[in-house]
Amino acid sequence: MSEVACRALPVLSRGFYDRPVQLVARELLGKWLFREWAPGVLLGGRIVEAEAYLAENDSANHAFRGRTRRNASMFGPPGHAYVYAIHTRYCLNVVTEAEGVPSAVLIRALEPLSGVETMQQLRGACPLRELARGPGKLCQALGIDRRLDGWDLTLGQTLWLADSADAISADRILVGPRIGVTSAKELPLRFFLANCPFVSGHRRGLPLSASPHSRP
DNA sequence: AAAACGATCTACT
DNA sequence: GTAGATCGTTTTG
């Protein structure tokens, strides 16, 4: 996809994020994530995997025990980034729901579609299917680090999300438990595309219609 | 000041 | 499947 065509896609607005976090996580599948790495260099692709972290009764949420310096972005307005470090990597979340309500969606994997050569340089030579498969790899491929924590994703600059030209049909969406969490691991809050080679971790899941938790 | 903890990843069996 | 690397952040003393 050309840079001109990418920039023509409508930027997701504040209202998209100001809704229940599970709904946002599910609807993020198929949306574009863009990173302007350098003037004229757009990195990104379409989201194929995302996890919701609830503001209430979710002990896996970084904000479960209240506000700290690290998680402050989660308490801000919706539509901003929450970027944190884990081990030697970073993870990108989008903040949802009203200001003061610390819910967010972890972006776990992308289908790489723009700036692939630059992303391969940032990741080190690796197959296309491993370029952004996993939240840490995704951030490495897009050059995302803690400096982008708190970034306003509705500006359409530097880091933003955009609607795709064609939507994902509901029957391609599967739901399952989140990956890597040590508590509240049973909650079906991970949304991903069926039969997608760019999805990370476990590929098995239930159809959206079969999981009551997935229907806000 | 020290200890403990991962929303991860890679390598290996 | 499991083990271990590795380090910023949080918690504890």
Side-chain angles (χ1 to χ4, degrees), chain A residues 17 20-26 28-29 31 33 47-76 78 80-97 101-110 112 119-151 153 159 161 174-193 197-205 211 213-214:
Chain A
Y17 303 100
V21 62
Q22 288 136 298
L23 182 62
V24 175
R26 181 223 294 178
L28 277 174
L29 296 181
K31 298 291 192 289
L33 174 64
I47 295 169
V48 298
E49 182 182 0
E51 288 178 354
Y53 286 83
L54 311 181
E56 300 292 337
N57 299 319
D58 183 2
S59 51
N61 188 328
H62 281 180
F64 184 64
R65 288 173 181 82
R67 182 174 181 154
T68 64
R69 163 124 74 285
R70 176 175 66 160
N71 66 25
S73 297
M74 291 187 73
F75 291 82
H80 289 245
Y82 167 45
V83 181
Y84 68 89
I86 185 168
H87 301 292
T88 59
R89 307 301 187 106
Y90 297 93
C91 293
L92 169 68
N93 303 251
V94 303
V95 177
T96 61
E97 305 189 35
V101 180
S103 62
V105 178
L106 172 68
I107 310 300
R108 286 194 57 93
L110 289 186
M119 292 194 286
Q120 281 173 327
Q121 287 176 3
L122 287 165
R123 282 272 294 129
C126 78
L128 185 67
R129 70 172 40 191
E130 291 178 18
L131 203 48
R133 192 173 69 178
K137 294 172 180 173
L138 183 156
C139 283
Q140 189 180 22
L142 298 190
I144 293 169
D145 61 27
R146 268 233 97 195
R147 291 174 297 191
L148 283 169
D149 180 52
W151 184 262
L153 300 167
L159 182 66
L161 289 91
L174 300 182
V175 194
R178 294 173 297 191
I179 294 185
V181 300
T182 59
S183 55
K185 57 168 45 178
E186 75 286 355
L187 299 175
L189 294 172
R190 171 175 175 249
F191 300 85
F192 59 103
L193 294 190
F198 304 103
V199 165
S200 79
H202 306 285
R203 310 298 179 88
R204 295 197 53 167
S211 173
H213 282 281
S214 64

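All heavy atoms count here, side chains included; hydrogens, waters and symmetry mates do not. In what follows, chains are A, B, ... by sequence order, proteins preceding strands, each numbered from 1.
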To the nearest 0.5 angstrom, please state how far the CD1 atom of A:Ile107 sits from the CD1 atom of A:Ile144.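 One finds 9.5 Å between CD1 of A:Ile107 and CD1 of A:Ile144.
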
Pairwise distance CG(A:Leu174) to CZ(A:Arg190) - rounded to 0.5 angstrom: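 Here the rounded value is 9.0 Å.
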
Looking at A:Tyr90, I'd like to know if the NZ or CZ of A:Arg147 sits under 6.0 Å from its six-membered ring centre while staying within 45 degrees of the ring's axis.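 No, A:Arg147 and A:Tyr90 do not form such a contact.
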
For A:Arg129, I'd like to know if atom CZ has over 12 heavy atoms of other residues, nucleotides or ligands within 6.0 Å.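 12 or below, so no.
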
With a cut-off of 6.0 Å (strictly less than), are more than 12 heavy atoms of other residues, nucleotides or ligands near CD of A:Glu56?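 For A:Glu56, atom CD is not crowded (no more than 12 foreign heavy atoms under 6.0 Å).
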
Interatomic distance, [X] [atom1] vs [N] [atom2] [rounded to whole Å]:
X	N	atom1	atom2	value
A:His62	C:dT11	NE2	P	11 Å
A:Asn71	B:dC5	CG	P	19 Å
A:Arg70	B:dC5	CZ	P	14 Å
A:Phe191	B:dA7	CZ	C1'	15 Å
A:Glu130	B:dA11	CD	C1'	13 Å
A:Leu106	B:dC9	CG	P	9 Å
A:Arg89	B:dT8	CZ	C1'	8 Å
A:Arg67	C:dT9	CZ	P	16 Å

Tell me whether A:His87 is stacked on the nucleobase of C:dA5, counting only the six-membered base ring and applying the 5.5 Å and 30° thresholds.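 Stack criterion met.
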
Determine, answering yes or no, if A:Tyr84 is stacked on B:dA7 under the 5.5 Å centre rule and the 30° plane rule.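 Not stacked by the 5.5 Å and 30° rule.
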
At 4.0 Å (heavy atoms only), tell me whether A:Arg178 reaches a base, stays on the sugar-phosphate, or touches nothing.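 It contacts nothing in the nucleic acid.
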
N/O (side chain, [X]) to phosphate O (OP1/OP2, [N]) under 4.0 Å:
X	N	value
A:Arg146	C:dT9	yes
A:Arg108	B:dT8	yes
A:Lys137	B:dT10	yes
A:Thr68	C:dT10	yes

With nearest nucleotide decided by heavy atoms, which residue, A:Asn93 or A:Gln140, maps closer to the 5′ end of DNA chain B?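 The residue whose closest nucleotide sits nearer the 5' end is A:Asn93.
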
Toward the 5' end of DNA chain B, which comes first, A:Thr182 or A:Leu138, by nearest nucleotide?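 Whichever sits nearer the 5' end wins; that is A:Thr182.
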
For B:dA7, which nucleotide in any strand shown is its Watson-Crick or wobble partner with both distances under 3.5 Å?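 Result: none.
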
Under 3.5 Å for both donor-acceptor distances, Watson-Crick or wobble: does C:dT6 have a partner, and if so which one?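 Base partner found: none.
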
Could you say whether A:Ile86 or A:His202 is positioned toward the 5' end of DNA chain C, judged by the nucleotide with the nearest heavy atom to each?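 Going by which nucleotide is closer to the 5' end, it is A:His202.
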
